[in-house]
There are 2 protein chains.
Amino acid sequence: MTVDQDVPPRRSDRTRAAILAAARERFAADGYAKATIRAIAAQAGIDPSMVMRYYGSKEKLLAAAADFGLELPDLTLLAPAERTVALVRHLLDLCERNDTMIALLRVAATQEAAAERSRFLVANQIEPLIATIEPDPELARQRAGLLATQMLGLALTRYVLELPAVVAMSADELAAWMSPVLQHYLTGRPD
Amino acid sequence: MTVDQDVPPRRSDRTRAAILAAARERFAADGYAKATIRAIAAQAGIDPSMVMRYYGSKEKLLAAAADFGLELPDLTLLAPAERTVALVRHLLDLCERNDTMIALLRVAATQEAAAERSRFLVANQIEPLIATIEPDPELARQRAGLLATQMLGLALTRYVLELPAVVAMSADELAAWMSPVLQHYLTGRPD
DNA sequence: GGTGTAGGCCTACAGTTGTTGGCATGACCG
DNA sequence: CGGTCATGCCAACAACTGTAGGCCTACACC
């Protein structure tokens with residue numbers, strides 16, 4: 001996530017934001033290729049050339065759309081028993097509050113830049129989070145990777161593939177089922 | 001998976017197969033949009049128009065490429081303790097033996113037809129498999145969905161996103177870590 | 001109140017895409 | 001040996017894409 005420079009607000013800020021929001025919505029719904037600049041501009045209610053002026057190219061627009069943080073909860077502030085449910089609920093909330101996370105997931109399947117961004121998020125936000133409760137760095141790395149398989153698998157099946165069995169379950173049910181799994185990845189040992 | 005009709009072998013069968021193999025390779029590597037008919041034809045060493053002649057359209061070619069089975073092992077023939085490792089190893093093997101599974105996963109992120117095919121596979125191959133060891137049909141459905149979150153999450157992070165921490169682990173390590181997880185989804189209860 | 005400039009639109013272009021039809025060629029069967 | 005049909009290639013088309021440049025308008029500031 002880029003830190004905002006202390007630059008005076010411009011009149012075009014609303015348009016910039018509208019473009020970014022529209023881009024995330026189209027990317028999340030259609031993926032990179034089908035989300036054309038014309039479609040994004042139409043959704044934002046402006047001319048396609050504005051997208052180019054403000055973001056330079058479609059690739060750079062994608063980079064801007066994928067530039068966000070996971071806002072993960074601080075595990076050290078939670079009781080160990082609460083951590084796993086908090087993680088599941090946080091992910092579901094993140095996916096449902098806006099399209100950014102789903103856009104990243106969908107686009108990462110075909111665009112290397114987005115895949116790289118997903119790797120960056122795991123390495124720089126999930127791994128450090130695990131490191132707060134797992135001293136061994138190599139093990140923390142493994143735990144983070146394993147956590148990612150389950151978390152991203154949940155997001156994929158529920159919001160991208162929309163497997164009926166996964167969509168049908170409530171956030172509470174999913175948290176209840178997955179809590180022991182995450183517990184195992186956070187503090188357990190392989191068989 | 002379509003059953004092969006008993007039709008006499010044609011001289012063009014090799015070309016048909018070459019197109020299908022090339023399509024799977026390109027779909028797996030580039031996704032649907034970037035895998036152009038021209039690129040697929042070039043990889044198969046034939047003219048783009050042949051693809052149209054034999055498969056009718058790009059959409060139908062995708063349908064043919066996604067038409068395969070998971071060849072899941074029969075769980076009733078395995079001791080309960082062996083089932084989970086067998087499932088993990090089978091998935092990894094399926095992904096590494098050819099590109100079909102990865103192609104489906106990558107394309108399903110953007111193409112509704114492929115997503116629908118993935119739902120079909122879960123409903124018609126994973127659910128029945130679980131049903132052989134779980135009598136309650138609704139619970140079997142849930143277990144199948146949960147299994148899918150972990151299995152597809154593994155395939156996604158390892159072969160599509162290529163998270164370093166997941167790529168670095170061996171099949172044995174992954175099986176050892178995930179075995180208790182799958183066991184939980186197969187026979188356990190939510191918290 | 002004039003004027004510079006930021007914000008916006010329209011048009012155009014070159015490249016690529018899926019798709020089509022026609023033409024060659026060689027195998028196979030009578 | 002003649003013809004017929006499957007197999008393959010080539011050329012083309014219409015649509016759509018990202019992108020660039022030019023032009024108009026209206027706000028902000030001196």
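Protein chains get the first letters and strands the later ones, always in sequence-line order, with residue 1 at the start of each.
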| Stepwise side chain to side chain contact (heavy atoms under 4.5 Å, CB included) test for A/Asp67 and A/Arg117 | CA-CA 8 Å; A/Asp67 186 19; A/Arg117 175 75 193 161; 3.7 Å; yes
| query | Taking only residues at least two apart or on different chains, which pairs with a member in residues 15-48 of chain B satisfy ring pair (Phe, Tyr, Trp, His ring centres under 6.0 Å)? | reply | B/Phe27-B/Tyr32
| Within residues 27-45 of chain A, residues whose heavy atoms come under 4.0 Å of DNA chain D | A/Thr36, A/Ile37, A/Arg38
| Can you list the other members of the hydrophobic cluster that holds A/Leu77, where links are side-chain heavy atoms under 4.5 angstrom apart? | A/Leu78
| query | What residues form a side chain to side chain donor-acceptor pair (under 3.5 Å) with A/Thr132, not counting sequence neighbours? | reply | none
| remark: Residues passing the salt bridge (Lys or Arg N to Asp or Glu O under 4.0 Å) test with A/Asp30, sequence neighbours excluded, are A/Arg26
Check nucleotides 24-28 of chain C against the protein and report each pair of N or O atoms closer than 3.5 Å, with its distance, or say if there are none.
none

| task | Assess the side chains of A/Ser179 and A/Gln183: does a donor N or O sit below 3.5 Å from an acceptor N or O? | result | no
| request: Check every strand shown and say whether A/Tyr54 touches a base, only sugar-phosphate, or nothing at a heavy-atom separation below 4.0 Å. | output: sugar-phosphate
| Which residues, if any, of residues 17-26 of chain B bring a heavy atom under 4.0 Å of DNA chain D? | none
| task | With DNA chain C as reference, determine whether B/Ser57 or B/Arg53 sits nearer its 5' end, using the nearest nucleotide of each. | result | B/Ser57
| said: Distance under 4.0 Å to a non-hydrogen atom of chain B counts as contact; along DNA chain D, which nucleotides mark the start and end? | reply: D/dT7 to D/dA12
| remark: Applying salt bridge (Lys or Arg N to Asp or Glu O under 4.0 Å) to B/Arg83 and not counting sequence neighbours gives none
| said: To the closest 0.5 Å, what do you measure between CG (A/Leu147) and OG1 (B/Thr157)? | reply: 11.0 Å
| message | Applying salt bridge (Lys or Arg N to Asp or Glu O under 4.0 Å), can you list everything that pairs with A/Asp47, at least two apart in sequence or on another chain? | response | none
| task | Tell me whether A/Val107 is reachable from A/Ile19 by hopping between hydrophobic residues (I, L, V, M, F, W, Y) whose side-chain heavy atoms are closer than 4.5 Å. | result | yes
| said: Show me the pairs that pass ring pair (Phe, Tyr, Trp, His ring centres under 6.0 Å) and involve residues 122-181 of chain B, at least two apart or across chains. | reply: A/His184-B/Trp177
| field | No-hydrogen, no-angle side-chain donor-acceptor test under 3.5 Å, A/Thr76 and A/Asp74 | value | yes
| said: Could you work out, with side chain to side chain donor-acceptor pair (under 3.5 Å) as the rule, every residue matching A/Arg141, not counting sequence neighbours? | reply: none
